[in-house]
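Notes to accompany the following structure.
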Amino acid sequence: MRRLLLMVLLGVAGAHAADLPAAPGNPLKAGTLSPVMPAPELALRATDGQPLSLARFRGKVVLLAFGFSNCGEVCPITLATLAGARKKLGADAARVQVVYVTVDPERDDAPRMKKFLGSFDPSFIGGIGTIAQISAAEKSYGISVSRRVYADGGYSIGHSSSIYMIDRAGGLRAVMPYGHSADDFAHDLRILLRS
């Protein structure tokens, strides 16, 4: 049932941001999940050397996204937007944690992800793991990943690009589609930090 709810929400969140109507009575810019459900837990390694689970961030709002360090466009724009949103929050940024899970476990090890994420914001934490662990995380969030292999053996990856907004109690509250501004994220984060 939870996976079905996520898939329905992702169908809406996958639409172009400008095409999404504002939900009546919803103060958030992101698409909300009602009722709020517990965010699916992660069982990965973090780029800070610790186990990566959402439980370790209770008390903070978590922005969870999936991507990879070799991404040419969408991932850098997403990370720059999230870094910009944290800057807009001032001191409240310390109560927001960005978690970025790789969809390319073959190339993204801890040092590579840490360097990539650190170029946007040193507080960002990456999620890494085995192919099976990453696949399980993708499945639990309904992440679609496609891989295109080239004749020279290289490959490119396409993936879902929405950002999951998890409240301070670990509830999956909203999903922000790709294309929203740092101002939209800061707006929603201020609301989630107060709730």
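Computed from a prediction, not measured in an experiment: that's the story for all the values here.
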Is the closest side-chain heavy-atom distance between [X] and [Y] below 4.5 Å?
X	Y	result
L42	V101	yes
I125	Q97	yes
F124	R86	yes
V98	L64	no
V99	I166	no
M113	T102	yes
D121	L82	no
R95	V61	no

Donor-acceptor pair, E41 side chain versus L54 backbone, under 3.5 Å?
-> yes
For the student: nearest non-hydrogen atoms of [X] and [Y], plus distance:
X	Y	value
C75	G67	SG-CA, 3.7 Å
A30	M165	CB-SD, 3.7 Å
P105	G129	CB-O, 3.4 Å
S140	P40	O-CG, 3.5 Å

CA sep, side-chain torsions, deciding dist, call: Y155, R148, side-chain contact (heavy atoms from CB on, under 4.5 Å) = CA-CA 5 Å; Y155 61 91; R148 182 175 176 194; over 6 Å; no
Between S181 and K29, is a side-chain contact (heavy atoms from CB on, under 4.5 Å) present by the stated rule, with each step listed?
-> CA-CA 10 Å; S181 68; K29 307 264 184 199; over 6 Å; no
Are Y164 and Y141 close enough that their ring centres sit under 6.0 Å apart?
-> yes
Quick one: salt bridge (Lys or Arg N to Asp or Glu O under 4.0 Å) pairs with a partner in residues 53-66, sequence neighbours left out?
-> D48-R56
Pairs in or reaching into residues 179-195: which pass salt bridge (Lys or Arg N to Asp or Glu O under 4.0 Å), with residues at least two apart or in two chains?
-> K88-D183
Starting at OG of S161, measure out to NE2 of H159 and round the result to the nearest 0.5 Å.
-> 7.0 Å
Atom CG in L52, atom CD in Q133: separation rounded to 0.5 Å?
-> 10.5 Å
Within 6.0 Å of CD in Q50, more than 12 heavy atoms from elsewhere = yes
Please determine which of T78, V145, I143, I163 meets the side-chain contact (heavy atoms from CB on, under 4.5 Å) test together with F66.
-> I143
Who passes side chain to side chain contact (heavy atoms under 4.5 Å, CB included) against V36, sequence neighbours left out?
-> D167, R173
For S135, the side chain to side chain contact (heavy atoms under 4.5 Å, CB included) test, sequence neighbours excluded, returns I131, E138
For R112, all residues meeting side chain to side chain donor-acceptor pair (under 3.5 Å), sequence neighbours excluded | S69, N70
Kindly work out whether a path of hydrophobic side-chain contacts (I/L/V/M/F/W/Y, heavy atoms less than 4.5 Å apart) joins V149 to I134.
-> yes
Residue pairs, two or more places apart or on separate chains, that pass ring-ring contact (aromatic ring centres under 6.0 Å, His included) and touch residues 86-117 = F116-F120
State whether a side-chain donor-acceptor pair under 3.5 Å links S160 with Y178.
-> no
Short side-chain donor-acceptor distance under 3.5 Å, R147 and S156 | no
L63/L189 under side-chain contact (heavy atoms from CB on, under 4.5 Å): CA gap, chis, key distance, verdict | CA-CA 9 Å; L63 297 177; L189 287 168; 3.9 Å; yes
